[in-house]
Structures are given as C-alpha cells and as structure tokens.
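Below you'll find the structure, written out as structure tokens, and then a few comments.
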Amino acid sequence: MKLSQYFLPVLKEAPREAEIASHQLMLRAGMVRQQSAGIYSWLPLGLNVMRKVEQVVREEQNRAGAIEVLMPTIQSADLWRESGRYDDYGREMLRIQDRHERDMLFGPTNEEMITDIFRAYVKSYKNLPLNLYHIQWKFRDEVRPRFGVMRGREFLMKDAYSFDIDEASSRAAYYRMFVSYLRTFDRLGVKAVPMRADTGPIGGDLSHEFLILADTGESEVFCHADTMKLPVPDRTVDYGDDALIAGIVDDWTRAYARTDEMHDEALWSAVPEGDRVNARGIEVGHIFHFGTKYSQPMGATVTGPDGKETPVFMGSYGIGPSRVVAALIEAGHDDDGIIWPDSVAPFDVGLINLRVGDQATDAACAALYEQMANAGLDPLYDDTDNRAGGKFALADLIGLPWQLIVGPRGLANGEVEIKKRASGERETLSMEAAINRLVAWREQVKERFGG
Ligand code: P5A
C-alpha cells in the first residue's frame with residue numbers, strides 16, 4: 001500500500017476525552033472514529049488489525065472443532081421471553097419495535113437464538129457434540145461506555161455455543177474452548193491469564209475469564225505467579241483427546257487465579273506472599289458452562305442412546321475482537337506510539353522514502369516495494385512529500401514491526417537502514433540483505449504465530 005493512496009487520517013493531538021493510552025493512540029493513528037458514545041466507525045488501519053485478530057480467533061475456533069455460522073444482529077423479543085431473560089436483562093438491552101409494533105432487540109449475546117436453531121434441527125445424540133460460533137456485532141447499552149472500543153456499546157464478539165448429551169461431554173467441550181483460548185491469545189502475541197470468574201447474566205456453574213494484565217484494566221485480579229509461567233500448547237494439540245485436554249486445563253487451573261468477584265481471602269492467604277500477583281486486568285475472553293439453563297425452558301431436547309429425551313447441555317464462549325485490538329495496544333506501546341505484535345500488525349514494514357522526487361531514491365524505493373510484495377511481505381510505502389521527521393514520527397505512531405529507511409546518502413554506498421520498532425535497534429545493510437532480513441523474520445513469525 002502506498003501512503004499517498006491510503007486513508008490514514010492521523011491526528012496531531014489526542015482528543016482530551018481519551019483517558020487511556022490505547023484510546024488516545026487509536027484516535028491519533030486514525031484507526032477509529034467515535035460516532036456516538038461507545039459507537040465507533042473502524043477506519044482502514046483499525047479494521048486491518050481487527051480483521052487479523054478475527055482471523056486468528058476463527059482459525060483456532062475451527063481447529064478446536066467449532067463451526068462458523070452467522071446470526072443476525074436483530075432478534076425477536078419472543079425468543080428472550082422463552083428463556084425468561086427478556087425482563088431480567090434490564091436497561092443494557094437495546095429494545096426496538098418494528099413497523100408492526102413487534103418487540104425486537106439488538107442482540108447483546110445469542111444464547112437464545114442458537115438454542116432456537118439447535119432445537120429446529122437436532123434431535124439425536126448422534127449429531128453431538130456440536131459447537132457453533134459466529135463473529136457478529138453486539139449492542140449493550142452500558143451505563144458507562146468508556147476507554148474507546150475497550151468498553152463500547154456496539155462491539156464485535158466471537159461467540160461460540162456448545163451442545164452435548166451430558167454433563168461430562170459438556171465439560172469436555174468447555175475444556176476444548178479453554179485450550180483454544182490459550183492458543184488464540186498466544187498467537188495474538190499476548191499473555192491472557194485464565195481466572196475463575198462470576199457468571200453474571202449469562203448464568204451457569206463454571207466460568208473463566210481470560211485477562212491481559214494492564215494497569216488500566218477494569219478488573220482486579222488475584223493470581224499465583226505460577227499461572228503466569230505455564231507453557232501454551234502448540235498447534236499439534238489433539239482436541240480429540242479429552243484426557244489430554246482436561247490435563248492441560250488442570251495444569252492451568254491448579255494455582256489460585258480469580259477475579260475480584262470470586263476472590264476468596266482464606267484461599268488467597270494460603271498462597272505464599274512472594275507468589276501473590278494482585279494486579280489489574282482487561283477481560284478479553286469469557287467462557288461459561290451452564291448446562292440446561294436455556295435448553296430446558298426452550299425445549300431443546302435430544303434423544304439419548306437409551307431412547308430417553310433430555311435437555312441438551314450447553315456452554316458459551318466469548319472473545320471481543322474489537323476490545324482485543326485496544327488491549328493489544330495497552331499491552332504494547334511506548335511514548336512514541338503503538339508497538340503491534342508481529343502476528344497482527346497492520347503492515348509488516350514501513351518503507352520510508354526520505355527524498356521523494358530524487359530519482360535514485362524513488363527508483364530504489366520502487367524496487368524495494370516490488371521485491372517485498374513479491375516475497376510475500378506487506379509494506380506500507382511512505383511516498384508522501386512530508387518531512388523526514390514527520391515520516392519517522394508517523395511510522396513510530398502506527399507501530400509497524402519494521403521500518404526500512406531509504407535516503408540518497410545511504411544509497412550512494414548502496415545501503416539502506418532498517419529499524420526494529422519494538423527495540424529501536426537500527427542497522428545499515430545492503431538492499432538485498434535488508435530484504436533477506438525481513439523475509440527471514442516473516443518466516444519466523446509464521447512458524448511461531450501462524451495457523
Ligand atoms: C459468551 C459468549 C458472553 O456474552 N455469551 C456469548 C457469553 N460473555 S461476555 O463476557 O459478556 O462477553 C464476551 C466478551 O465480549 C467482550 N465484551 C466487550 N467488548 C467491548 N465492549 C464491551 N462493552 C464488551 N462487553 C463484552 C469481552 O471480550 C468479553 O470477554
């Protein structure tokens with residue numbers, strides 16, 4: 001992509017209402033634009049990152065056996081009357097009437113709708129286990145939308161729903177999602193720690209939140225330092241092996257790790273003082289096991305091997321890709337701007353032309369741009385006539401993993417400069433060596449974080 005042809009409306013200063021780094025940086029880097037309180041347009045740079053986050057989430061859901069569908073944003077109130085949640089959900093639900101004065105709503109979550117789909121088609125245990133997910137916008141009329149897309153009113157959610165014949169297989173489904181969340185956040189280049197959590201309006205008896213530790217997080221967390229050090233299973237993990245998956249979950253849930261709502265002072269005091277991590281965290285994922293809470297009232301039953309009909313056992317599993325984008329910035333930035341994880345950076349490298357209009361520099365940049373594209377790299381070429389200082393500041397602000405800096409002085413010796421955004425390290429190399437370096441990096445990223 002050439003910057004002169006892109007739409008990257010950066011702001012010189014962060015609007016005063018932005019309180020935390022991610023919100024300030026997303027506005028300054030032209031990633032999102034607020035349209036109403038807690039409602040945002042996603043501009044090209046922001047959308048680029050969110051799509052990459054979604055894709056990682058999608059690949060890991062598929063790998064764990066979940067199947068993608070797409071349900072609508074608008075739902076009928078009648079479905080929610082069946083589960084009893086229409087009245088319980090309260091003012092967070094955006095209620096709408098259509099022209100026939102039928103009660104509708106903008107979905108805050110989809111337990112009821114997926115249960116309706118299930119009961120329409122699935123009647124036998126032979127079609128189980130089943131896990132269906134979608135990635136769709138949700139609306140919650142939060143009392144205090146804040147911190148930009150971190151706590152929005154309209155936000156993107158990946159929500160998966162598992163269906164099983166009994167409690168034991170339903171737990172196995174919950175564990176598969178638990179492990180797939182470990183892998184998902186690992187691939188997104190962040191540490192998200194699973195913690196025992198409250199079930200709130202979704203309900204159920206078992207629930208974990210996945211939290212990225214950050215001072216600006218809205219939840220208080222208490223966990224044993226050991227939980228932070230566990231290895232994440234690699235892509236060869238066998239989701240067909242229930243015992244193996246349960247063993248991984250055991251390892252991750254052995255030590256104390258809870259959000260404030262589930263905090264237990266007595267258990268906490270048993271954790272050695274030096275191992276206690278009491279911090280703040282951003283909830284990026286939340287999984288629930290609630291058995292027959294929806295299937296029972298909504299009549300979603302299946303016939304078991306013994307010919308008996310039983311309500312199907314369910315769980316639901318959420319990740320907020322729009323919130324994840326902000327959380328990645330909270331976890332990765334410095335005074336100059338964003339530092340994206342390699343796996344979801346909007347472009348691989350910023351190609352910086354220090355002297356647009358100089359024939360040799362333009363030609364070298366054009367050649368580098370083409371070679372990078374041919375080698376499968378995704379460069380953003382700053383071909384504008386801005387000052388060098390402005391170009392460096394922009395590249396730092398938008399946080400691409402690499403900058404490839406090309407000017408007439410270096411070119412006179414056949415050299416360019418390469419800068420790693422995260423460490424600030426710079427190196428002067430031949431054009432060929434610079435491209436090789438970037439290609440090798442891309443390979444490593446694929447190997448470490450790829451699907
Ligand atoms: C699980 C999937 C649920 O709604 N039903 C379907 C269950 N869980 S949840 O914890 O309420 O939400 C799941 C994830 O969605 C993100 N999220 C938000 N993101 C931005 N702004 C919000 N206001 C918001 N609310 C929830 C979080 O990532 C959360 O973990």
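Note that ligands are numbered from 1 as they come in the structure, with each ligand's atoms numbered from 1 the same way.
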Identify, by atom number and element, the atoms of ligand 1 in contact range of [X], meaning under 4.0 Å from any of its heavy atoms.
| X | answer |
| --- | --- |
| R140 | 3 (C), 4 (O), 9 (S), 11 (O), 12 (O), 25 (N), 26 (C) |
| V149 | 20 (C) |
| Y317 | 1 (C), 2 (C) |
| D159 | 2 (C), 6 (C) |
| R151 | 21 (N) |
| G318 | 1 (C), 2 (C), 13 (C) |
| G285 | 30 (O) |

I'd like to check whether [X] has a polar contact with ligand 1, where a contact means an N/O of the residue lying under 3.5 Å from an N/O of the ligand.
| X | answer |
| --- | --- |
| E142 | yes |
| H286 | yes |
| E283 | yes |
| G320 | yes |
| T109 | yes |
| G152 | yes |
| N110 | no |

From Y89 OH over to L105 CG, what is the distance, rounded to the nearest 0.5 angstrom?
10.0 Å
As an exercise, state the distance from CG of D382 to CG of L351, rounded to the nearest 0.5 Å.
8.5 Å
Closest protein heavy atom (residue, atom, distance) for [atom]:
| atom | result |
| --- | --- |
| atom 27 (C) of ligand 1 | R323 NH1, 3.6 Å |
| atom 17 (N) of ligand 1 | F155 CE1, 3.4 Å |
| atom 12 (O) of ligand 1 | M157 CE, 3.6 Å |

Is a side-chain donor or acceptor of H134 paired with a backbone partner of M71 at a separation under 3.5 angstrom?
yes
For the NZ atom on K123, are there more than 12 heavy atoms of other groups (residues, nucleotides or ligands in this structure) within a distance under 6.0 Å?
yes
Side chain to side chain donor-acceptor pair (under 3.5 Å) with Y294: which of E82, R85, E111, R119?
R85
Considering only heavy atoms, does V284 approach ligand 1 within less than 4.0 Å through its side chain, its backbone, both, or neither?
backbone
Side chain or backbone of I287 under 4.0 Å from ligand 1, or both, or neither, by non-hydrogen atoms?
neither
For the residue pair [X] and [Y], confirm or rule out a side-chain donor-acceptor distance under 3.5 Å.
| X | Y | answer |
| --- | --- | --- |
| E261 | H263 | no |
| N110 | Y133 | no |
| W441 | D342 | yes |

Give a yes/no on ligand 1: does [X] have at least one heavy atom closer than 4.0 angstrom to it?
| X | result |
| --- | --- |
| V324 | no |
| F210 | no |
| M150 | yes |
| E111 | yes |

Would F210 and F178 count as a ring-ring contact (aromatic ring centres under 6.0 Å, His included) here? Give the steps.
CA-CA 9 Å; F210 288 72; F178 188 111; 5.4 Å; yes
Anything under 30° is parallel, anything over 60° is perpendicular, the rest tilted; go ahead and classify F118 against F163.
parallel
Is the ring centre of F288 less than 6.0 Å from the ring centre of H286?
yes
Minimum heavy-atom separation for S322 to L156, with atom names?
OG-N, 3.0 Å
Under 6.0 Å from the six-membered ring centre of W402 and within 45° of its axis: does the NZ or CZ of K420 meet both?
yes
So Y174 and I287, do their side chains get closer than 4.5 Å, heavy atoms only?
yes
